[in-house]
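What follows is one structure encoded as structure tokens, with my remarks underneath.
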2 protein chains.
Amino acid sequence: MTVTIYDVARESGVSMATVSRVVNNNPNVKPQTRKKVFDAIEKLGYRPNAVARGLASKKTTTVGVVIPDISNTIFSEVARGVEDIANMYRYNIILCNSDKKKEKEIQVINTLLEKQVDGLLFMGGTVSEDHIQAFKTASVPIVLCGTKEESEKIPSVDIDHEKAAYDAVQSLINAGHRDIALIGGNFEDLAKGFARYQGYKKAMEDAGLTLNEDLIRVGNFRYESGLESMKQFLQTERKPSAVFAVTDEMAIGAIHAIQDEGLKVPEDISVISVDNIRMASMVRPLLTTVAQPMYDIGAVSMRLLTKLMVNEEIEQSQIILPHELIQRESVASLS
Amino acid sequence: MTVTIYDVARESGVSMATVSRVVNNNPNVKPQTRKKVFDAIEKLGYRPNAVARGLASKKTTTVGVVIPDISNTIFSEVARGVEDIANMYRYNIILCNSDKKKEKEIQVINTLLEKQVDGLLFMGGTVSEDHIQAFKTASVPIVLCGTKEESEKIPSVDIDHEKAAYDAVQSLINAGHRDIALIGGNFEDLAKGFARYQGYKKAMEDAGLTLNEDLIRVGNFRYESGLESMKQFLQTERKPSAVFAVTDEMAIGAIHAIQDEGLKVPEDISVISVDNIRMASMVRPLLTTVAQPMYDIGAVSMRLLTKLMVNEEIEQSQIILPHELIQRESVASLS
DNA sequence: CTGTTAGCGCTTTCAG
DNA sequence: CTGAAAGCGCTAACAG
């Protein structure tokens with residue numbers, strides 16, 4: 001029923017090897033025989049079996065990607081970059097959601113490896129010792145995407161989260177703000193939550209400003225938590241004149257909390273954040289934020305992985321992509 | 001270097017067949033031997049090769065999913081439903097973006113089939129004759145997710161887009177609106193763009209209202225086009241009292257166009273749409289919309305596919321999921 | 001330029 | 001409950 005390379009060989013009167021050659025575009029085939037083979041392929045409706053090929057060649061041309069949550073816009077934009085480049089180099093991707101649960105992450109890494117992926121792209125929260133251990137059992141290259149780990153042994157691509165946060169806060173300070181609140185994210189998340197907090201702290205300290213515990217809240221990176229956090233700031237007697245939210249979603253939540261209170265952004269309170277998700281330019285006022293190049297992070301990670309998979313020489317295995325402050329409408333100068 | 005089932009067999013003093021049995025949880029193995037085998041597996045760090053297994057068993061436990069654009073929130077929410085259920089039934093998914101380009105769609109369908117996926121989930125715009133042709137060459141089940149085709153031969157799951165649009169517009173009419181503008185989407189997109197337009201038209205006609213060409217614009221489903229379309233309506237002398245946008249994104253664009261003009265939603269103009277993306281409850285005013293269960297559409301599609309893949313009896317192969325009007329803040333009564 | 005021949009690592013009858 | 005053996009469909013030397 002299923003037509004194999006053998007059937008094509010018989011039909012066209014050549015050997016399997018020759019059929020294999022024409023299917024794989026090997027130049028060492030006389031144009032004439034090539035034609036015969038193509039005709040047979042067409043006639044029989046032959047479709048090469050990639051699984052058999054994978055077993056024989058030990059290459060599957062598919063890469064595994066573990067992602068926290070594909071329905072989260074921030075990751076889905078990265079994923080698009082990943083897939084586009086994968087595609088460009090003829091790879092397919094097996095996508096696995098992990099919800100940043102360590103157990104789940106380790107589990108999917110293993111099943112991906114069982115499936116003999118040619119490489120692995122890992123996007124997650126923190127990379128623990130257990131992760132490293134799991135990676136070690138792999139015989140294929142791995143790149144971290146949007147994270148990194150201490151030792152910097154594993155190739156990775158990300159932005160400098162601390163610096164991005166620093167730049168955001170500094171721009172607030174430059175605009176004359178002194179009472180700057182922070183809506184942070186999970187500090188356990190070293191690569192992102194903690195790093196962005198560090199950037200805030202450093203910018204404040206460098207400006208000779210002291211951190212005020214009352215002006216620090218930690219949310220979960222999401223809209224609702226930004227809204228909640230801001231509501232609480234609004235109840236304190238000495239309201240901040242500006243707030244730095246560690247993600248756009250929380251910033252937008254904050255903006256709405258402010259507006260719901262009858263106050264205006266940026267006239268009464270300025271808001272800034274980091275990310276630049278699509279929605280940042282789909283709100284009023286337009287959100288001022290430090291852009292992180294989501295698509296590029298995915299694309300560059302995948303490009304790096306393709307190089308690693310063919311043992312290509314690479315100049316740089318710890319890649320930091322640039323971020324950029326996008327001035328829009330949510331920050332006012334206090335002069 | 002790589003440890004195979006044969007190595008485990010030797011190490012534990014049993015046959016490959018027995019090792020295969022314990023790995024596959026076949027009950028016909030004496031607990032004692034089972035233990036021996038597990039010990040050997042652990043000792044050698046054996047990891048089953050899913051590609052070899054796939055070749056031998058003709059099952060890969062992976063399904064292909066072709067999706068228009070994973071970075072589009074509407075599809076990424078569906079994708080999450082798909083992956084969750086796939087996972088639950090031990091399948092992995094190979095994800096391919098198609099951008100709704102027919103050529104690309106056909107191409108990825110073919111490579112997915114070459115990779116011997118056990119089933120195919122297709123989300124796209126319109127399903128043409130060429131698609132059907134490509135599907136026919138497949139020997140595995142296929143389900144359409146968020147689309148359908150004329151003949152209804154191919155299993156599918158979706159909502160009733162026409163009825164959803166109808167309900168939205170009808171609610172506007174019930175609220176006393178008469179001048180209801182439409183911001184539509186590509187009419188070539190039969191399953192969605194055109195169907196939703198039909199719903200609008202029918203609701204108007206059923207209420208004895210005549211369609212006004214000046215009050216109809218077609219966008220591309222996205223925010224910017226909603227904003228643009230609304231701007232144009234605002235310049236006409238007889239402004240609509242309400243607008244029905246075929247997607248939430250366009251509705252939000254419309255809201256901003258209205259607000260940018262110094263008018264208020266819903267006091268001056270009401271806005272309603274269909275979708276209920278996460279952002280619908282992350283704007284001011286909160287968007288009133290007809291919710292389509294994105295996650296469920298993905299989950300139910302995948303569940304249907306899992307049944308098809310094991311030849312399970314199915315009662316219903318054309319599944320229509322319910323939609324629901326979510327009253328929030330963007331529609332005012334004209335009484 | 002083309003054919004022969006081993007496998008790739010696992011599942012699956014078929015015996016026993 | 002366990003083993004032997006025959007493939008699954010293809011690639012990759014190696015010859016010629």
Side-chain angles (χ1 to χ4, degrees), chain A residues 1-38 40-41 44-62 90 110-111 113-118 139-140, chain B residues 1-38 40-41 44-62 90 110-111 113-118 139-140:
Chain A
M1 32 186 359
T2 89
V3 16
T4 74
I5 200 173
Y6 180 74
D7 300 317
V8 177
R10 203 157 27 74
E11 176 73 27
S12 51
V14 300
S15 71
M16 285 165 53
T18 300
V19 177
S20 175
R21 289 194 187 93
V22 349
V23 169
N24 293 294
N25 259 308
N26 182 318
N28 298 132
V29 181
K30 209 196 300 176
Q32 206 176 112
T33 40
R34 182 184 301 279
K35 173 147 185 0
K36 274 195 305 189
V37 173
F38 273 133
I41 287 178
L44 303 180
Y46 169 67
R47 172 147 46 207
N49 180 325
V51 172
R53 173 183 292 167
L55 183 58
S57 69
K58 295 175 165 304
K59 294 226 158 316
T60 54
T61 62
T62 109
R90 317 256 86 114
N110 281 317
T111 95
L113 259 17
E114 283 188 7
K115 297 228 165 167
Q116 311 299 120
V117 292
D118 293 339
S139 52
V140 295
Chain B
M1 33 185 0
T2 90
V3 16
T4 75
I5 201 174
Y6 179 74
D7 300 317
V8 177
R10 204 159 25 75
E11 176 71 27
S12 50
V14 302
S15 71
M16 285 165 53
T18 299
V19 176
S20 175
R21 291 196 185 91
V22 348
V23 168
N24 292 295
N25 259 308
N26 182 318
N28 298 132
V29 181
K30 208 196 301 175
Q32 207 174 111
T33 40
R34 182 183 300 278
K35 172 144 184 4
K36 275 196 304 188
V37 173
F38 272 133
I41 287 178
L44 303 180
Y46 170 66
R47 172 149 43 209
N49 180 325
V51 172
R53 173 183 292 167
L55 182 58
S57 69
K58 296 176 165 303
K59 295 226 157 318
T60 54
T61 63
T62 108
R90 316 256 85 114
N110 282 316
T111 94
L113 258 18
E114 283 188 6
K115 296 227 166 169
Q116 312 299 120
V117 292
D118 293 339
S139 52
V140 295

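First the proteins, then the strands, lettered A, B, ... as listed; each starts at 1.
In DNA chain D, stems built from 3 or more consecutive Watson-Crick or G-U wobble pairs, each with both distances under 3.5 Å, span C:1-16 with D:1-16.
Residues that satisfy the side-chain hydrogen bond (donor to acceptor under 3.5 Å, both in side chains) test with B/Ser20, not counting sequence neighbours, are B/Asn24.
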- prompt: What do the steps show when you test B/Lys115 against B/Thr60 for side chain to side chain contact (heavy atoms under 4.5 Å, CB included), and what is the final call?
  reply: CA-CA 9 Å; B/Lys115 296 227 166 169; B/Thr60 54; over 6 Å; no
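Between A/Ser15 and C/dT4, a side-chain N or O to OP1/OP2 separation shorter than 4.0 Å is absent. Of the side-chain N and O atoms in A/Thr18, one or more sit less than 4.0 angstrom from OP1 or OP2 of C/dG3.
Rounded to whole Å, the distance from CG on A/Asp7 to P on D/dC8 is 11 Å. Counting to the nearest Å, the P atom of D/dT2 and the CG atom of B/Asn26 are 10 Å from each other. In this structure, B/Asn28 places its CG atom 13 Å from P of D/dG3, rounding to the nearest Å. For the pair A/Lys36 NZ and C/dT2 C1', the interatomic distance rounds to 10 Å; values are reported in whole Å. Separating the CZ atom of B/Arg34 from the C1' atom of D/dT2 is a distance of 13 Å, rounded to the nearest angstrom.
With 3.5 Å as the limit, one finds a donor-acceptor pair spanning the side chains of B/Asn110 and A/Arg47.
Taking 4.5 Å as the limit, every side-chain heavy atom of B/Thr4 sits out of range of all side-chain heavy atoms of B/Asn49. Looking at heavy atoms from C-beta onward, A/Phe38 lies in side-chain contact with A/Val22 at the 4.5 angstrom threshold. The shortest side-chain heavy-atom distance between B/Arg34 and B/Val29 falls under the 4.5 Å cut-off. No side-chain heavy atom of A/Val23 sits less than 4.5 Å from a side-chain heavy atom of A/Val37.
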statement: Scoring nucleotides 6-16 of chain C by protein non-hydrogen atoms under 4.0 Å (B base, S sugar-phosphate only, - none) yields -BBBBBB----
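Nearest approach of B/Ser15 to B/Ala9, heavy atoms of both residues: C-CB, 3.8 Å.
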